[in-house]
Structures are given as structure tokens and as C-alpha cells.
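Residue numbers run from 1 in the order of the sequence given.
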Amino acid sequence: MIDAVEAGTGRTDPLVLDLGCGPGSLAARLLTRLPQATVIAVDADPVTLSLGRAAYGDVPGLRFLDVDLRASGWEARLGLDPGRPVDAVVSTTALHWLTAAELRELYRVVASLLRPGGLFLDGDHLRLDEEDDPVLARLDRVLEEREDHRRFPDGFAGREDWGQWWQAAAADPALADAIAERERRTVHHHGPEGALLSVHAGALRAAGFAEVGTLWQRGSNRLLAAVTPTTPVSS
């Protein structure tokens with residue numbers, strides 16, 4: 001993804017928007033590669049934002065914002081200079097939690113923020129739709145399961161999973177306030193439709209992106225990319 005930002009924007013100082021940034025690891029890595037870049041990292045989860053600010057709050061060029069991508073007008077909170085459009089929008093393992101309707105609206109806004117020829121890059125686990133491609137979807141899952149078995153022949157016992165990570169976070173006194181705020185906001189996840197490649201690709205095309213495709217893939221783990229037209233997309 002960072003290679004794509006570096007090569008695709010053609011700038012040493014790109015303006016990058018990181019959607020659903022979590023604790024900020026991608027944003028920090030971007031700035032390690034491109035120290036002249038500006039990265040605006042947004043998320044609506046007070047726990048991961050707390051972790052990000054604690055770990056990377058003093059990184060030059062990085063700004064964390066508490067923004068809910070599902071809220072109407074969220075882009076107004078970014079504080080963007082009207083004369084400086086965004087060069088690239090990135091995300092990792094975050095947008096699959098949104099519904100199809102939320103993704104359509106999100107990508108419409110993203111297209112309006114990007115400069116002509118700007119990049120959208122989403123690294124996520126996106127699967128084929130079993131209704132459209134039943135054989136390929138089944139093979140996709142089988143191959144991934146077989147690879148997991150070869151890599152981890154004894155299974156995943158003893159490895160911390162997502163639920164265990166959140167249990168540990170909830171038990172940490174330093175995160176008590178953030179955990180309470182997370183529960184107050186009901187930051188919870190939706191159903192599985194956002195995990196389908198076709199849902200994302202269709203929403204990106206509907207938003208007016210000129211090119212949509214997979215730049216890299218290993219099983220369902222893929223880098224989905226889209227490019228805005230060379231003329232601006234109206235909002």
C-alpha cells in the first residue's frame with residue numbers, strides 16, 4: 001500500500017487521509033517512508049484513538065481526529081485547505097464493517113475529496129460473492145483454509161484473537177475511560193455485506209471512480225484500488 005501511495009501520487013509530500021485508522025500503525029509507517037507527507041488519521045473508536053495518540057501523537061505530519069464516517073458531513077471536520085485536495089485515501093481492515101448503503105455514501109464523499117487522478121487504497125479481507133461466483137467463492141475459502149492449515153498445523157490455540165485482545169484492553173485501568181466512552185457511543189459492527197468485494201467495487205464505480213481493481217492479493221486478503229478521473233468528480 002505504501003509503495004502504491006509513493007509511486008501513485010508522484011509526490012514526496014502527499015496529503016493522505018487514513019480512514020478507520022485504529023491505533024495509527026499505517027499512518028506512522030507512511031510517514032516513516034514519506035516524512036514530508038501529511039496524514040490525517042480518523043476513527044470513531046475512542047479506545048484505538050487513545051492508543052494511537054499515546055504511541056504516535058508526537059509524530060510530525062500526523063493528525064488524529066475523532067470522526068464517525070457514518071455521520072453526514074464528516075468531511076467538514078477534516079479541516080482541509082480548499083486549495084489542497086487529498087492525494088490518496090487509505091484504509092486497512094476497517095471499511096468492511098460498513099453497510100452497503102454506508103459504503104456508497106462514503107465513497108461518494110471520498111471521490112469528491114481526492115484530486116483528479118487521486119488514489120483510493122483499501123487493504124482488507126474482501127471475499128467473492130457466493131451468489132455471483134459460487135464455485136470461485138468456495139475455492140477461495142478452501143485454498144485459504146488449506147494455507148492456514150499448512151502454516152499453523154496445530155491450529156490457533158494459544159494465539160490471541162480479536163475478542164481476547166478487546167478483553168485485555170477492557171481490563172486495563174489506563175483505558176477505562178476510553179472503554180466506557182466506546183460503550184456509550186455503541187461503537188459496534190454491522191453485518192457481513194461489507195466484506196464482499198463486489199459491494200466495494202460497485203460502490204466505487206457508482207461514486208465515479210474511473211478505474212477499480214485489485215493491485216495485490218493473497219486469498220481474500222487484498223489491496224483494492226481505485227483512481228479518480230482526470231477531471232474532478234462533483235459532490
Under 3.5 Å, side-chain donor or acceptor atoms of residues 147-158 against the rest of the protein: list the pairs with distances, not counting sequence neighbours.
from: E147; atom 1: OE2; to: R218; atom 2: NE; distance (Å): 2.7
from: E147; atom 1: OE2; to: R218; atom 2: NH2; distance (Å): 2.3

Legend entry - Least distance between heavy atoms, P23 atom then L51 atom: CB-CB, 4.1 Å
Atom pairs and distances, side-chain donor-acceptor, residues 24-38, under 3.5 Å, sequence neighbours left out:
from: T32; atom 1: OG1; to: A28; atom 2: O; distance (Å): 3.0
from: R33; atom 1: NH1; to: D3; atom 2: OD1; distance (Å): 2.8
from: R33; atom 1: NH1; to: E6; atom 2: OE1; distance (Å): 2.9
from: R33; atom 1: NH2; to: D3; atom 2: OD1; distance (Å): 3.3

Legend entry - For the student: nearest non-hydrogen atoms of L103 and L95, plus distance: CD2-O, 3.7 Å
Inset, instruction - Determine yes or no for a side-chain-to-main-chain donor-acceptor pair under 3.5 angstrom, with D124 supplying the side chain and L126 the backbone. - result: no
Legend entry - Nearest non-hydrogen partners of V90 and M1, listed with the distance: CB-SD, 3.8 Å
Inset, instruction - Check for a donor-acceptor pair, side chain of D161 on one end and backbone N or O of Q164 on the other, with a separation under 3.5 Å. - result: yes
Legend entry - Minimum heavy-atom distance between L119 and G8, given as atom pair plus value: CD1-CA, 3.5 Å
Legend entry - With S220 via side chain to side chain contact (heavy atoms under 4.5 Å, CB included) - residues at least two apart: H125, R127, D140, E144
Inset, instruction - Determine whether I40 and V16 make a side-chain contact, defined as any pair of heavy atoms from C-beta on separated by less than 4.5 Å. - result: no
Inset, instruction - Hey, can you tell me if W162 and W165 have their rings parallel, tilted or perpendicular (30° and 60° cut-offs)? - result: parallel
Legend entry - Interatomic spacing from OG in S50 to CZ in F64 - rounded to 0.5 Å: 10.5 Å
Legend entry - Set of side chain to side chain contact (heavy atoms under 4.5 Å, CB included) partners for A94, sequence neighbours left out: S91
Legend entry - Shortest non-hydrogen separation from W74 to V109 and the atoms involved: CZ2-CG1, 3.6 Å
Inset, instruction - Examine distances only and state if a side-chain atom of T228 and a backbone atom of L114 form a donor-acceptor pair shorter than 3.5 Å. - result: no
Inset, instruction - Check the pair L224 / L121 against side chain to side chain contact (heavy atoms under 4.5 Å, CB included), numbers first and verdict last. - result: CA-CA 6 Å; L224 178 63; L121 299 162; over 6 Å; no
Legend entry - Contacts of type side chain to side chain donor-acceptor pair (under 3.5 Å), residue D66, not counting sequence neighbours: R185
Legend entry - Heavy-atom side-chain proximity of L113 to L17 below 4.5 angstrom: yes
Inset, instruction - Spell out, yes or no, whether L62 and L15 are grouped together once hydrophobic residues are joined by side-chain heavy atoms under 4.5 Å, including indirect joins. - result: no
Inset, instruction - Taking all non-hydrogen atoms of both residues into account, name the closest pair between T9 and A88 and its distance. - result: CG2-CB, 4.0 Å
Inset, instruction - Check step by step if salt bridge (charged side-chain N to carboxylate O under 4.0 Å, His left out) holds for E130 and R141. - result: CA-CA 11 Å; E130 293 184 2; R141 290 182 180 275; 3.3 Å; yes
Inset, instruction - Please determine if R182 and D45 form a salt bridge, counting it only when a charged side-chain N lies under 4.0 Å from a carboxylate O. - result: yes
Inset, instruction - Kindly determine whether N221 and W216 satisfy side chain to side chain contact (heavy atoms under 4.5 Å, CB included), including the steps that lead there. - result: CA-CA 8 Å; N221 188 19; W216 176 92; 3.8 Å; yes
Legend entry - Flag, side chain of Q217 to backbone of R222, donor-acceptor distance under 3.5 Å: no
Inset, instruction - Indicate yes or no: at least one non-hydrogen side-chain atom of W166 is less than 4.5 angstrom from one of I179. - result: yes
Inset, instruction - Not counting sequence neighbours, which residues clear salt bridge (charged side-chain N to carboxylate O under 4.0 Å, His left out) with D172? List them please. - result: none
Table please: side-chain donor-acceptor pairs of residues 195-213 below 3.5 Å, with sequence neighbours left out.
from: H200; atom 1: ND1; to: Y107; atom 2: OH; distance (Å): 2.8
from: H200; atom 1: NE2; to: G194; atom 2: O; distance (Å): 2.5

Inset, instruction - Identify, with sequence neighbours excluded, every residue that meets side chain to side chain contact (heavy atoms under 4.5 Å, CB included) alongside E131. - result: D129
Inset, instruction - Using the rule that two of Ile, Leu, Val, Met, Phe, Trp, Tyr join whenever any of their side-chain heavy atoms come within less than 4.5 Å, decide whether V89 and L223 are in one cluster. - result: no
Inset, instruction - Starting from L143, walk the hydrophobic network (Ile, Leu, Val, Met, Phe, Trp, Tyr; side-chain heavy atoms closer than 4.5 Å) and list everyone else you reach, by chain and number. - result: none
Inset, instruction - Tell me who clusters with L139, hydrophobic residues only, linked when side chains sit under 4.5 Å apart either directly or through other members. - result: V135
Inset, instruction - Before giving the answer on side chain to side chain contact (heavy atoms under 4.5 Å, CB included), spell out for L19 and D43 the whole-Å C-alpha distance, their side-chain angles and the decisive distance to 0.1 Å. - result: CA-CA 7 Å; L19 303 180; D43 205 300; over 6 Å; no
Inset, instruction - Go through the structure and list residues passing side chain to side chain donor-acceptor pair (under 3.5 Å) with D68, not counting sequence neighbours. - result: R70
Inset, instruction - For atom CG of D177, decide whether the heavy atoms of other residues, nucleotides or ligands shown that lie under 6.0 angstrom number more than 12. - result: no
Determine all donor-acceptor pairs shorter than 3.5 Å in which one atom belongs to a side chain in residues 78-86; sequence neighbours excluded.
from: D81; atom 1: OD1; to: G83; atom 2: N; distance (Å): 3.0
from: R84; atom 1: NH1; to: D87; atom 2: OD2; distance (Å): 2.8
from: R84; atom 1: NH2; to: D13; atom 2: O; distance (Å): 3.0
from: R84; atom 1: NH2; to: D87; atom 2: OD2; distance (Å): 3.0

